[in-house]
Amino acid sequence: MENKKIGIIGTGNMGGAIAVGLVKSGFISASDIFVFDPKEKNLNEMREMGVTACKNNKEVVQNAGVFIVAVKPYHIEGVVNEIKPALTSDKIFISIVAGVGIEELTKMAGENISIFRVMPNTAIALQESLTCISTNGNKTEDKDFVIELFDKLGKTVEIPEELMAAATVLSSCGIAYALRYIRAAMQGGIEIGFGADMAQFITAQTVKGATELILQTGHHPEREIDKVTTPRGVTITGLNEMEHKGFSSSLIQGVLASYKKIDNSGK
Ligand SMILES: NC(=O)C1=CN([C@@H]2O[C@H](COP(=O)(O)OP(=O)(O)OC[C@H]3O[C@@H](n4cnc5c(N)ncnc54)[C@H](OP(=O)(O)O)[C@@H]3O)[C@@H](O)[C@H]2O)C=CC1
Ligand SMILES: O=C(O)[C@@H]1CCC=N1
């Protein structure tokens, strides 16, 4: 691929976060990122970062060799119809749209386009995303570029497309599940004496530490938990009470409910 300029179609929560992460990463100069969104407010935020705001989606695709579609599932078909006249075989089409498969995207865009399904999470703005990437017989050169691009925005894993719904739940929704844990722990912390700001800082840094213990050692969480749970101690008393109230079970059921929602709606 000759043209390594990047397009983003839809600069809402995710498209905007991708633009922010890309600019921070220095992978590409801000003016070589081309975006469109019907919301003027979103476009102005992009302009303030030095990103190039286009008049429409077709202009994005005309300028960019690789473009990321970040619109809601019910807008994807309209977007593809709009950009079709600019879709030449040298373009790389990346969709982050949940629940819309490569087969469906190929039907919309045509056989000769290199299509990737990619599932990041909102931490992409901080270059801390976990991004799952599915390829489908794409050229090695295209695949290498897409992986290199998302490697600049966090960690990437390549997965078979059949796991994309599971990836959406565990990584993209997972950010929200983890934040809800933080909020709940904070609420407990406030009741036992901390102000909200201090409760937030202590909880967030503690979660970061727990995460690093797992990421840096590769240990199973329970191995690290064993080091905290003094016999007849404070931690095991709290943990067991959480389990009596359904902590693990409710998390697992939540993950499955999210997964079922994707499967059921296809969106
Ligand atoms: N939010 C997340 O954490 C994640 C989301 N995703 C996927 O990313 C996609 C976007 O989600 P999210 O960013 O949360 O949604 P948002 O609604 O925040 O962003 C989508 C943006 O696209 C705009 N838009 C609507 N129609 C068009 C169009 N024709 N051309 C260009 N832009 C358009 C919307 O404008 P308007 O509001 O005016 O319609 C909006 O600003 C979804 O498909 C979702 O499944 C994937 C991973 C994580
Ligand atoms: O909740 C949703 O549908 C989107 C997809 C993954 C994260 N947000």
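Just follow the structure's listing: the first ligand is 1, and inside any ligand the first atom is 1. Excluded from the calculations below are hydrogen atoms, water molecules and symmetry mates; all remaining heavy atoms, backbone and side chain alike, are included.
When each atom of ligand 1 is checked for a heavy atom of His75 under 4.0 Å away, the hits are 25 (C), 26 (N), 39 (O). Numbered from 1 in the order shown, with element, the atoms of ligand 1 that lie under 4.0 Å from a heavy atom of Asn57 read 28 (C), 29 (N), 30 (N), 31 (C). Near Ser172, the atoms of ligand 1 lying under 4.0 angstrom from a non-hydrogen atom of the residue are 47 (C), 48 (C). Atoms of ligand 1 found under 4.0 Å from any heavy atom of Val97, numbered from 1 in the order shown, are 43 (O). Listed by atom number, the atoms of ligand 1 under 4.0 Å from Met119 heavy atoms are 46 (C), 47 (C). Counting the atoms of ligand 2 from 1 in the order shown, those under 4.0 Å from a heavy atom of Thr168 are 6 (C). Applying the 4.0 Å criterion to heavy atoms of Thr122 picks out, from ligand 1, the atoms 3 (O). Within ligand 1, the atoms closer than 4.0 Å to a non-hydrogen atom of Asn42 are 41 (O), numbered from 1 in the order shown.
Counting all heavy atoms, side chain and backbone alike, Ile96 lies closest to Ile18 at CD1-CD1, 4.3 Å. Contact between Ile159 and Cys132 at its shortest, heavy atoms only, is CD1-CB, 3.7 Å.
Electrostatic pairing of Glu128 and Lys155 does not count as a salt bridge here, judged by no charged N lying under 4.0 Å from a carboxylate O.
In terms of polar-atom proximity, Ala98 is counted as a contact of ligand 1, with an N or O under 3.5 Å from an N or O of the ligand.
Of the possible donor and acceptor atoms, one in the side chain of Glu82 sits under 3.5 Å from a partner among the backbone N and O of Asn57.
For atom 6 (N) of ligand 1, the choice among Ile96, Ile83, Val79 with the nearest heavy atom turns out to be Ile96.
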